Amino acid sequence: MPATTKTNFQLVINGILKENPIFRLALSMCPAVGISTTMMNGLMLGIAVLFVQVFSSCTISLVKDYIHPRIRIPTYTLVIATWVTVIDLTLAALAPVAYKQMGIFIKLIVAFAIITMRLEVFACKNTLWPSFWDGVGMGGGFLFGMLTLGFVRELLGAGQLFGYDVLGFRPLLFFALPVAGFFCVGFLMAAFNYIEIVYNKRKKAVNR
Amino acid sequence: MKFIKCYKLMAVAVVISLVLISGCKNKHSYVSKAKFKGDHNIIITFAGEVDTAWAKDVKNYGIYAKPDPDIQLTISKIIPGSDKKTVDLYFSDAIDQNQPHILTIKNIMADGKNLGSTVVEVKKLYFGFLFSILIGAFLIHNFVFTKYLGLCVFFGTSQKQSTAVGMGITFMIVMVASAMMSWAFYQFILKPFHLNFLQIVVFIGLVSLSVQAVDTVLRKINPALFKAFGVYLVLVIANCVILAVPLIIANNEYNAAESFMLSLGAGAGFLLALFLMSSVREKLELANVPVTYRGLPIAFVVAGLFALAFMGFSGMVIF
Amino acid sequence: MKEIIRITLGLTISCLIAGIIMGGVFTATEKAKEHNEYLNVRGTMTSMLGFNATHPVPADLRLYSLYRYILDKNGTKSIGYVLPVKKDKKISYALVTVGLDGKFKGLSYLNISEEKVSKIEARKTALDAVVKPPETFTYADSTIIAKKGPKLLAYLLPGEFNGFKSVIKVMLALNSKFTITALEIMEDDEDPGLGAEISEEYFKNQFDDKSLQTMKKIKVIKQPLPNDYRRYLEKSKWKKGEFTKAKIDKIRKKYKDHDICALTGATITSRAMTRGIKGMVKKFAYRIRILDNALKQNKVPVAF
């Protein structure tokens with residue numbers, strides 16, 4: 001793939017909607033199912049992923065000319081692991097309560113396929129700024145996905161948003177249960193598919 | 001032929017370890033066994049018959065949990081066995097079986113003779129603990145269905161049964177190899193030198209290394225096998241489970257045997273999950289699924305149903 | 001060959017750079033982490049003592065820490081307490097040894113400052129100088145004694161026990177008669193919506209006002225919480241003027257000896273919680289009486 005021709009805005013929107021890491025690419029599903037029980041969790045992990053994605057993309061796009069092609073993947077892993085350690089230590093120091101809630105998942109960002117994939121597909125072929133915006137888009141897409149899931153699950157499961165009581169009762173406790181993550185992701189994916197199908201039909205109708 | 005030899009070796013190893021584990025206990029010659037029975041009872045088995053009058057006296061026993069030597073537990077009832085060889089101590093307050101208990105038996109009387117006092121440690125079998133780690137990682141805390149890890153690879157490779165089994169076996173081998181290496185690195189390098197903040201880098205590095213090693217070894221030794229399983233090797237790195245297990249081992253300070261059991265259980269659990277899922281998804285291919293649900297969405301719903309079923313295992317206690 | 005050298009060199013350099021970045025962040029955040037953890041724990045403690053925005057923490061509130069150790073000398077065990085004592089009008093720390101039978105065994109001063117005593121490594125080096133082999137020591141637990149001036153406010157007990165999925169860490173506040181005044185869940189790994197409900201007010205506040213006698217025979221019952229009790233327990237949802245003092249007293253009296261109502265779908269967690277807290281209260285009440293006696297009889301100049 002040659003250097004991208006998209007504008008910065010298109011790159012961000014692409015990450016959030018068209019290639020949304022959770023609902024469209026179906027990568028990095030573990031946290032989407034595991035800890036999307038509240039919006040706060042989603043926000044924190046989303047920010048952590050955004051940080052790692054942006055910084056790794058920038059780092060790789062800066063040093064891409066010096067990376068030996070044979071050790072490309074190990075280098076990516078090293079870069080990601082470094083930034084994950086940085087955010088892990090920082091969060092442990094600054095937000096200990098939220099950090100404890102997310103447990104092992106912050107450390108597991110290392111193994112998220114989405115970050116490695118973006119480095120391989122995009123950052124190693126583009127200059128600093130497009131890589132930065134692509135990182136923002138992808139990280140933002142992940143954040144958006146996590147927030148959507150958190151919104152649905154927290155509202156339906158606990159009747160709360162960000163820990164504040166909104167409804168005053170609990171509509172469906174089922175959604176607060178850990179297993180509901182699978183169902184929630186499945187339903188939302190189907191919803192995304194439905195929107196796409198309807199959108200395509202309309203477009204065809206207009207073109208005709 | 002090779003396989004048979006392998007089994008023989010393994011059997012010998014198991015026997016030796018069993019002897020080692022069970023043989024390292026020093027006990028009074030007259031007390032042959034003392035073990036928990038349920039939450040309220042401790043059963044003492046003597047080598048011969050003991051005097052019932054002696055056995056019934058609460059004063060002859062003293063017991064405390066190992067971390068609380070200053071607090072003696074009160075025995076509320078003593079039921080001597082009909083064969084005079086066993087004594088059942090009943091506690092009205094539940095005893096914590098996870099703690100070893102120190103039992104002092106004073107002046108054991110048998111045939112009117114005083115055989116002296118003894119101190120016995122009552123605890124769960126270590127072998128049982130190891131086994132419970134294995135089953136725990138395999139079923140009760142299955143990494144895919146109850147911890148929600150390794151989902152990308154799980155959904156990616158569970159379309160066909162053959163793929164699923166291949167991936168599962170490859171994963172299991174790499175899992176055990178990398179977890180054992182990580183354990184050694186953590187215990188002998190990271191912990192003594194206070195380099196805990198390097199955990200993530202070191203563990204992911206070791207995973208890549210073991211993937212590379214398995215790749216090279218397989219390519220040289222068994223090219224046919226490599227052809228079948230080689231493609232999955234790269235995917236292993238992108239699996240959260242492979243990183244989560246070393247982190248859990250480091251967190252809980254497991255020793256070598258416990259780490260081995262955990263990693264084996266995690267690998268086998270992943271294989272089980274993949275196998276179950278692929279069986280269903282092969283059938284789903286033929287089913288009439290609504291257009292919007294085709295592909296991944298329905299797979300997620302099925303996985304959710306599996307996870308619900310696995311919730312039934314939770315809270316199960318073996319040993 | 002040249003290729004290999006280049007690759008190794010490149011990898012080594014990048015590893016070094018990565019190591020330096022991580023080490024730098026680690027050293028930069030280490031202090032802040034400790035400080036935040038301290039603030040977090042202290043904030044929980046003061047809120048459990050009933051201080052909040054409207055009741056600010058008084059200036060004469062003092063928190064004294066006791067650390068319990070188990071000493072073992074060739075199989076003979078005794079209990080050692082590291083506690084603050086007054087020496088030359090200053091607070092220093094000493095090791096008080098009490099035998100299993102409750103007899104005072106000895107007192108030895110430790111060379112450790114007040115700031116460092118909360119660190120387990122610092123205590124270990126200080127104890128190493130006092131406890132001579134073959135006697136060994138192992139850390140057991142700690143207690144915080146909160147005093148306001150000369151008045152004892154509460155004993156704060158951090159503790160942990162096995163829950164349903166893994167360890168639950170709690171903090172318990174007891175008054176001088178060993179009646180529970182507050183319970184806080186510090187850490188748990190239970191399922192959200194099921195076991196994790198233990199940190200909801202309607203469950204954890206059930207333990208409030210339970211005396212030692214009640215705790216000794218408390219049970220977990222599978223019955224729904226009575227409605228008025230539930231409204232009372234959910235203190236953060238109180239409407240203004242809904243609970244007058246007389247009404248509160250009436251409800252407290254009515255449910256003083258009520259058993260713990262299990263959480264729906266999390267009976268095992270509820271049982272584990274009740275059992276764990278019961279054990280903590282019972283053991284603590286037993287130990288502090290023995291320690292108090294031993295300290296009084298030997299006129300140890302304790303700071304609290």
Side-chain angles (χ1 to χ4, degrees), chain A residues 21 23-36 71 73-74 76-86 88-89 92 103-117 174 177-198, chain B residues 143-156 196-205 207-209 211-212 234-248 250-251 289-311 314:
Chain A
F23 300 121
R24 304 295 319 181
L25 302 181
L27 291 168
S28 57
M29 299 312 306
C30 317
V33 174
I35 54 161
S36 58
I71 54 160
I73 300 288
Y76 295 163
T77 317
L78 182 67
V79 170
I80 297 170
T82 310
W83 289 119
V84 170
T85 312
V86 169
D88 182 63
L89 290 170
I104 205 168
F105 277 103
I106 290 270
K107 287 182 171 139
L108 290 183
I109 296 178
V110 172
F112 282 10
I114 177 72
I115 298 174
T116 323
M117 193 202 101
F174 173 74
L177 295 185
V179 276
F182 282 115
F183 292 100
C184 229
V185 174
F187 294 154
L188 283 177
M189 262 185 182
F192 257 67
N193 280 349
Y194 180 74
I195 293 170
E196 201 195 1
I197 290 168
V198 171
Chain B
F143 275 81
V144 176
F145 289 134
T146 62
K147 290 201 171 148
Y148 320 109
L149 296 175
L151 296 181
C152 313
V153 180
F154 174 68
F155 284 111
N196 262 341
F197 62 93
L198 287 180
Q199 262 182 17
I200 303 173
V201 180
V202 169
F203 291 163
I204 195 87
V207 169
S208 325
L209 201 69
V211 165
Q212 198 59 51
V234 189
L235 278 174
V236 170
I237 306 182
N239 192 336
C240 311
V241 184
I242 202 133
L243 194 64
V245 168
L247 286 172
I248 290 172
N251 248 350
V289 181
V291 188
T292 43
Y293 274 90
R294 247 167 233 171
L296 273 176
I298 191 72
F300 266 92
V301 174
V302 169
L305 291 173
F306 269 123
L308 270 180
F310 268 74
M311 262 179 96
S314 68

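Proteins come first, then strands; the chains are lettered A, B, ... in the order of their sequence lines, and each starts at number 1. When reading the values below, keep in mind they use all heavy atoms of this one structure, side chains included, and skip hydrogens, waters and symmetry mates. Worth saying up front: this structure is predicted, and the values here are computed from it rather than measured.
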Got a sec, which residues hit ring-ring contact (aromatic ring centres under 6.0 Å, His included) with B/Phe310, two or more places apart in sequence or on another chain? B/Phe145, B/Phe313
Rounded to the nearest 0.5 Å, what separation is found between the [atom1] atom of [X] and the [atom2] atom of [Y]?
X: A/Ile80; Y: B/Ile204; atom1: CD1; atom2: CD1; result: 8.5 Å
X: A/Trp83; Y: B/Ile200; atom1: CH2; atom2: CD1; result: 13.5 Å
X: B/Phe155; Y: A/Met29; atom1: CZ; atom2: CE; result: 7.0 Å
X: B/Thr292; Y: A/Ile197; atom1: OG1; atom2: CD1; result: 6.0 Å

How close do [X] and [Y] get, counting heavy atoms only, and between which atoms?
X: B/Val144; Y: A/Phe182; answer: O-CZ, 4.0 Å
X: B/Tyr148; Y: A/Val179; answer: OH-N, 3.4 Å
X: A/Cys30; Y: B/Cys240; answer: SG-SG, 3.1 Å
X: A/Gly186; Y: B/Pro297; answer: O-CB, 3.6 Å

Contacting moiety of [X], where chain A heavy atoms sit under 4.5 Å:
X: B/Gln199; value: side chain
X: B/Asn239; value: backbone
X: B/Leu305; value: both

Taking every heavy-atom pair that is under 4.5 Å apart, which of A/Gly181, A/Gly34, A/Pro178 has the most such pairs with chain B?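 Between A/Gly181, A/Gly34, A/Pro178, the count favours A/Pro178.
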With a 4.5 Å cut-off on heavy-atom pairs, point out which of A/Ile104, A/Ile114, A/Ile35 contacts chain B the most. A/Ile104
Is it the case that atom CZ in A/Phe174 sees more than 12 heavy atoms from other parts of the structure closer than 6.0 Å?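 Check passes, neighbour count above 12.
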Can you tell me which portion of A/Thr85 sits under 4.5 Å from chain B's heavy atoms? Options are side chain, backbone, both or neither. both
If we only count heavy atoms from C-beta on, is the A/Lys107 to B/Phe203 side-chain gap below 4.5 Å?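 A/Lys107 vs B/Phe203: side chains apart.
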Under 4.5 Å between any side-chain heavy atoms of B/Leu149 and A/Phe105, yes or no? yes
Under the side chain to side chain contact (heavy atoms under 4.5 Å, CB included) test, residues paired with A/Phe187 that sit two or more places apart: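 By the side chain to side chain contact (heavy atoms under 4.5 Å, CB included) rule, A/Phe187 matches A/Phe183, B/Tyr293, B/Val301.
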Who wins among B/Gly156, B/Ser208, B/Cys152, B/Gly295 for the most heavy-atom pairs under 4.5 Å with chain A?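 Of the candidates given, the most pairs with chain A belong to B/Cys152.
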